[in-house]
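Some notes on the structure that comes next.
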Amino acid sequence: MNKDVLSEAGSLNQAVTALQMHFGMPASQIMEIAEAFRRAMVEGLYEKNGPLKMLPSYLGIPTGNETGTYLAVDFGGTNVRVLLVELSDGRISILNPQPVTSLLRDPGGKYDYTTEETSAEELFDFIADLVAKLVTPDESYILGHTFSYPSWQKDVNTASLICWTKEVKTSGVVGKDINLLLTQALARKGLGGVKPRVILNDTVGTLLVAAYEDGDADVGSICGTGHNTCYFELKPGQGTKPMIINMESGSFNLKLPITKYDEQLDQTSDKPGDHLLEKMVSGQYIGEIMRLILCDLAGKGLIFKGAEPSGFPFSTKVVSAEHLSVLISADLWAMDNMLINEWKISRPADDEIVALRSIASMLVVRAARLVASTYLGVLRHIDSKLERKHTIAIDGSLYEKMPGFSENIKAAIDEVLKDRSKLVTLRLTKDGSGIGAAIAAATLGF
Ligand code: BGC
């Protein structure tokens, strides 16, 4: 068990300082993690072991001249979307006027397709129902499917789920051919004219969308509910053509500065020991790390002294990434609503508010610096002397919306690469998981 960082703190202020020291990551540590990450990439690629799965996508970089109209299914961590995408003369248009989307879990508790009690058929029928909102039984389309979970691909259209992540547990899907499940569900709805032809990870979709317009794009990443990165590999192995590799980097676990809170979170997670990096940097988990820190502070009498044992912060899963965002952005109205109505802290003291904001920022900065370390690892692998330009295409709610997150990734890269960091562009690439599926289908010439 990691050391008790708060053992010597006599006040809330001292406790926050101790936490900040403990969670801080100097540039030397970033470089150490980057190098461990680079080695893990090589190990995963050629020796097929180590923490990075290095999964083949069988997709290359698009030319920008791909054309056609395709259906895209985006099966993410939080919702499922269906889009009709047209590619023509380098232009991308979404043809459906209204978004066709649905949450995987109903916040009101009416349904939840992510529980063990849900079968694969029920889950894929739910997706096919969404497709039916956009397509009639007499229409024919080629469908690209973005499936944002670790999957082993045999070819561009055959992927079997290795394991669920992001706390999804739906039964009967692990080990199955995902596009076959989708094809069968489409047939059950009478949508046999819709043909799934390609399956890809959301990181791959993000890279494809950026590369459609930007010749320097060679890395794609998601920083949202989950976390993962892919890149374009010139030498994926003997007899294999250059292709985009889905690293499943959320499962990286070497040289990470794991605290006792990370250990606690991991132990109570669905899969202890798995996806350790993802559990330190992604929207699914960052709120829970904050809650565990607050529990520790409260248990030691350093914060929320009057809180009921059954109230906040003792009940589980009440702190979300959105809460961290509210705290950091100092949106006073939203903060009052959150503290008083959601967390039931009637009168937080000023030093408590300062502490909450500092802890939230500290976690976001650590997440950003960890993610930056892995990007630096990829750059070391693909361009060891850093001689050319690279665009890292990034999508996801944390990257787009969490105050300070993208800035701290950039700052960490600048800190390490100094003036050569101008060769590296971080590009917010929205909707990679939707549009990317259409581009993927188009690169294959359907
Ligand atoms: C999954 C990845 C995915 C990432 C972002 C992770 O939990 O394992 O496949 O790319 O989330 O959605």
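For the single chain, residues carry numbers from 1 onward in sequence order. In each ligand, atom 1 is the first atom listed, and ligand 1 is the first ligand listed.
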Taking only Lys NZ, Arg NE, NH1 and NH2, and the carboxylate oxygens of Asp or Glu, determine whether E43 and R39 approach each other closer than 4.0 Å. no
Per-atom contacts, ligand 1 versus P150 - under 4.0 Å to a heavy atom: 8 (O), 9 (O)
For ligand 1, which atoms sit closer than 4.0 Å to a heavy atom of N201? 2 (C), 3 (C), 9 (O), 10 (O)
For atom 5 (C) of ligand 1, what is the nearest protein heavy atom, given as residue, atom name and distance? D202 OD2, 3.3 Å
Would you please determine whether H275 falls within less than 4.0 Å of ligand 1 on a heavy-atom basis? yes
Atoms of ligand 1 close to Y149 [distance to a heavy atom under 4.0 angstrom, numbered from 1]: 9 (O)
Count the heavy atoms of every other residue, nucleotide or ligand shown that sit under 6.0 Å from CD of E387, and state whether that count exceeds 12. yes
Among all protein heavy atoms, pick out the one at the shortest distance from atom 9 (O) of ligand 1; state its residue, atom name and that distance to 0.1 Å. E248 OE2, 2.5 Å
Applying a heavy-atom cut-off of 4.0 Å, say which part of E278 lies close to ligand 1: side chain, backbone, both or neither. side chain
Are the charged groups of K169 and E116 less than 4.0 angstrom apart, N to O? no
Nearest-contact summary for atom 11 (O) of ligand 1 - protein heavy atom, Å: K166 NZ, 3.0 Å
Is G250 near ligand 1, meaning one of its heavy atoms is under 4.0 Å from it? no
Residue pair R105 / T114, side-chain donor-acceptor N/O under 3.5 Å: yes
Could you check whether E233 and Y231, counting side-chain N and O atoms only, form a donor-acceptor pair closer than 3.5 Å? yes
Do E288 and R291 sit within salt-bridge range, that is, some charged N less than 4.0 Å from a carboxylate O? yes
Please indicate whether any nitrogen or oxygen in N228 is less than 3.5 Å from any nitrogen or oxygen in ligand 1. yes
Taking atom types as modelled and ignoring hydrogens, do the side chains of D177 and T158 form a donor-acceptor contact shorter than 3.5 angstrom? no
